[in-house]
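Reading through the structure tokens given below for one structure.
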Amino acid sequence: MSQVDESGLSGQTPAEKPRHKPSRAPRTPMPERAAAVRRSDFEEVAFGYSAEQAQAEANRCLQCKNPTCEQGCPVNIRIKDFIAAIIDGEWTDGVEILKERNALPAVCGRVCPQEEQCEASCVLAKKGEPVAIGRLERFLGDHDLTCDLEHRCTPQIAEPSGKRCAVVGSGPAGLACAGELARLGHSVTVMESLHAPGGVLSYGIPEFRLPKAIVAAEIEMLEVMGVTIECDQVIGRIATVEDLMTEEGYDAVFIGSGAGLPVFLGIPGENLNGVYSANEFLTRVNLMRAYEFPTSDTPVWRGRKVAVVGGGNVAMDAARTALRLGAEEVFLAYRRTAEEMPARKEEVHHAIEEGVEFKMLCSPVEIRGRDGWVTGLVANRMELGEPDESGRRAPVCVMDADFEIECDTVISAVGTRANPLLHDAAPDLELNRRGYIVTDENGATNLPGVFAGGDIVTGAATVILAMGAGKKAAAGMHRWLTDA
Amino acid sequence: MFRIVHTRQISDAVFEMGVEAPRIARKAKAGQFLMVRVAEGGERIPLTFSDWSAEEDWIRFIYMRVGKTTHQLSHLSVGDELADVVGPLGTPTHVEGVGRVAVIGGGVGAAVAYPVARAMSAAGARVTVILGARNAELLVLEDELRALPGVTVNVVTDDGSAGEKGLVTAPLKRLCEAGALDHAFAVGPAIMMKFCAATTAEFGVPTTVSLNPIMVDGTGMCGACRVTIGDQIRFGCVDGPDFDGHLVNWEELMSRQRVYVDDERVADADYQRECSCHK
Ligand SMILES: Cc1cc2nc3c(=O)[nH]c(=O)nc-3n(C[C@H](O)[C@H](O)[C@H](O)COP(=O)(O)OP(=O)(O)OC[C@H]3O[C@@H](n4cnc5c(N)ncnc54)[C@H](O)[C@@H]3O)c2cc1C
Ligand SMILES: Cc1cc2nc3c(=O)[nH]c(=O)nc-3n(C[C@H](O)[C@H](O)[C@H](O)COP(=O)(O)OP(=O)(O)OC[C@H]3O[C@@H](n4cnc5c(N)ncnc54)[C@H](O)[C@@H]3O)c2cc1C
Ligand code: SF4
Ligand code: SF4
Ligand code: FES
């Protein structure tokens, strides 16, 4: 990155780089497949930037002396520097900078809520058009994945330490922890209860938003680094955490088991046929590939009129998946307004483009049915009242059972909790009131040598936060293993 | 991959299979189950342990050939491999201190009844097994059950081709009337379990049933297996499969078991067609 190319641009400190003239062009649009076409298949929505587009967008970056964008990234990626590498066309340098802090750039570039994180903190955000940091990150991540394995950017692996670590769960937290431990020279085995690794990246986030080939390629990289991944291992059933530390001789254990237990609405009619938790619906479609049924063996009920309850990423994914399975109408029922929806803005926008109908200020109270099958969703009309403890204005009911949405499928995407299997895995582990694991700032739990991170500590959060937690815990484990 | 080490055809549609799975064999307990996936692209189906050996590293299950996945299983032989076998799943059956117990196994439910009867008698219970099937052909594990020490076996068939003619609820009712029961354990088709529970309810005999809702992961993360027990929603795969038979909402369970019948017919028909092409 230190060499200067013909244009005279370099990734050096701003003082040495007076000739970078930021372009004042508007934000480079992401090339996407037309809504009318993409809403009936599972191929990825966005194509990704070409090299020219990436450089055009990178050129908009001011290369600030004080890059505020970096404070917005939970893992403090050196954003300014990787953008400089793109300006210079030094893709490999850029990938290296990303991978210092983030092992899965192709994933995060696609799924991070950038508009609340890095991009929200970009100085250009004030004028409404921040640098498209996520798209640039995806560009470099994809570039890396298109290289042969031996040309891909692999971290230097330290001398073998002779220590063995077990990682429970192969979601972003577990994968990031495993990668980091391997880099530090420890032998690592990841134990995953499902038949495929990746956690939510594999079973939750749909193919059209995060192709499974990308997840598989990132995981392959970890295997190249020496990480062993064992699927079909339900910790808590096949072995407890204590068994791992004693009988199986692991020196430290990381728990990254996620917040996988679906919460239901608790309203009448919830067990009618045609009512799904988003987890079941998405698992059938993504992990079990029900969209290829009967080529694949797992069926999914394909509703004609589908009502999805919720306003987060999970709700958007469920709604857009239902469209792709052939639903004529998909409604999204949310208690507050579009403003308050926790979903990524881009996904909300995509969902609207594809024809998902938003029913705002509506809170379901009953699912009606006939002969065991769903026929409709009855909802209260809400209004926004005073802000609650989360700072958002709380919805209050203004009209009881005001209307019924006619539908044959209801998908509930109203949240998840900690899986109770955790208690069987480690009965003495300290949990908080909501059933999540209590850790200190190094990811250490109350049990010696047992660390944790990701959704199982914070409750449902984001991919990048889970990865950050996995990495931090790996550092804590490393200290624990080497001090001992 | 999990290597198949044993196969046996028990009746026209009922088979036994053993696979090498040392880690699972060390932890298996009566009443627990496995999730099995035959090959890439395959469905995950739950099957109960019928037997296991921690010393010899194998586990066994008995299955009835009903649809695509169980058909595929029946076409495999020793030396072939299953893509995935996950377990032991579910909460083990409670076997301590049950006293005089009736274990009712209907159809392929006998596969579950067998290890439960064995564990209960080993724990000191006086076990009467009521083994039911539509006809003599479909009776499974009768010899194995009779060979268990201290276990009495009553056979009942719908058509009287073996044992008593009628339904399993008849001998169950007699045991209840004689005041000779402290507990009942029933496993089989939902309708059979429902009537067993109705029979014992009259006499206040506590009754455990092993439910078989449709499952996807079997680890508590999807809720496909939810059942209503009293006024609570419980997950069959982690809270069960055993529940208090007197509290189960049977109509809901039976309705939910039928969600995919049409789809499954398509999958199985496709598969049968393919099979016959290759023959
Ligand atoms: C549909 C959906 C869409 C989302 N979209 C986004 C998005 O766009 N952007 C974003 O940033 N975040 C998104 N999220 C949130 C994000 O995916 C999660 O915060 C993140 O995956 C948490 O990572 P994790 O590693 O803690 O847990 P998980 O990803 O849940 O992984 C946990 C893993 O542990 C395994 N496991 C559980 N128990 C055991 C056990 N006992 N033994 C062995 N293995 C076990 C599980 O099978 C799973 O594979 C989304 C979530 C969902 C469900
Ligand atoms: C806890 C539990 C333990 C079981 N133990 C046994 C056993 O020991 N031996 C045995 O023969 N059967 C057992 N079953 C039933 C067995 O899982 C089904 O027969 C099997 O899934 C059928 O698969 P298939 O593809 O061959 O048939 P399909 O054509 O897919 O289905 C036939 C019928 O099986 C049921 N079924 C289908 N898929 C599932 C699923 N994923 N989960 C549960 N039920 C399903 C449906 O009601 C369907 O009508 C058990 C079920 C549960 C829930
Ligand atoms: S990891 Fe996420 S938050 Fe951090 S820079 Fe990349 S896209 Fe932004
Ligand atoms: S804040 Fe925005 S303009 Fe400044 S360095 Fe970061 S991305 Fe570039
Ligand atoms: S089968 Fe998914 S939660 Fe029980």
Next item on the list: Scan side-chain atoms only and decide if B:Arg23 and A:Gln233 contain a donor-acceptor pair under the 3.5 Å cut-off.
Entry: yes
Engaged part of [X] at the chain A interface, taking heavy atoms whose separation is under 4.5 Å:
X: B:Gln72; value: side chain
X: B:Val216; value: side chain
X: B:Leu34; value: neither
X: B:Val38; value: neither
X: B:Ala83; value: backbone

Please look at [X] and chain B and tell me whether the side chain, the backbone, both or neither of the residue comes under 4.5 angstrom of a heavy atom of that chain.
X: A:Phe281; value: neither
X: A:Asn271; value: both
X: A:Val300; value: backbone
X: A:Leu261; value: both
X: A:Leu282; value: neither
X: A:Arg289; value: neither

Roughly how far apart are [X] [atom1] and [Y] [atom2], rounded to 0.5 Å?
X: A:Leu421; Y: B:Cys237; atom1: CG; atom2: SG; result: 7.5 Å
X: A:Leu287; Y: B:Asp217; atom1: CG; atom2: CG; result: 9.0 Å
X: A:Asp424; Y: B:Thr91; atom1: CG; atom2: OG1; result: 7.5 Å
X: A:Arg237; Y: B:Ile24; atom1: CZ; atom2: CD1; result: 13.0 Å
X: A:Ser277; Y: B:Met221; atom1: OG; atom2: CE; result: 8.0 Å

Can you tell me which of [options] forms the most heavy-atom pairs within a distance under 4.5 Å of chain A?
options: B:Asn249, B:Leu89, B:Thr69, B:Ile45; value: B:Leu89
options: B:Arg226, B:Glu252, B:Gln32, B:Lys27; value: B:Arg226
options: B:Lys68, B:Arg37, B:Arg258, B:Met35; value: B:Arg37

Would you name the heavy atoms of [X] and [Y] that are closest together and state the gap between them?
X: A:Asp232; Y: B:Val86; value: OD1-CG2, 3.4 Å
X: B:Gly223; Y: A:Glu280; value: C-OE1, 4.3 Å
X: B:Gly220; Y: A:Pro262; value: O-CD, 3.8 Å
X: B:Tyr260; Y: A:Trp301; value: CE2-N, 3.7 Å
X: A:Phe264; Y: B:Cys222; value: CZ-O, 4.4 Å

Note to self: Regarding A:Asp297 and B:Arg44, does a basic nitrogen lie under 4.0 Å from an acidic carboxylate oxygen?
What the structure shows: no
Check: Under 4.0 Å between a Lys/Arg side-chain N and an Asp/Glu carboxylate O for B:Glu43 and A:Arg284?
Finding: no
Note to self: Using a 4.5 angstrom heavy-atom cutoff, name the option from A:Val234, A:Thr298, A:Asn273 with the most pairs to chain B.
What the structure shows: A:Asn273
Check: Can you name the residues that form a ring pair (Phe, Tyr, Trp, His ring centres under 6.0 Å) with B:Phe185, not counting sequence neighbours?
Finding: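 Here no residue qualifies.
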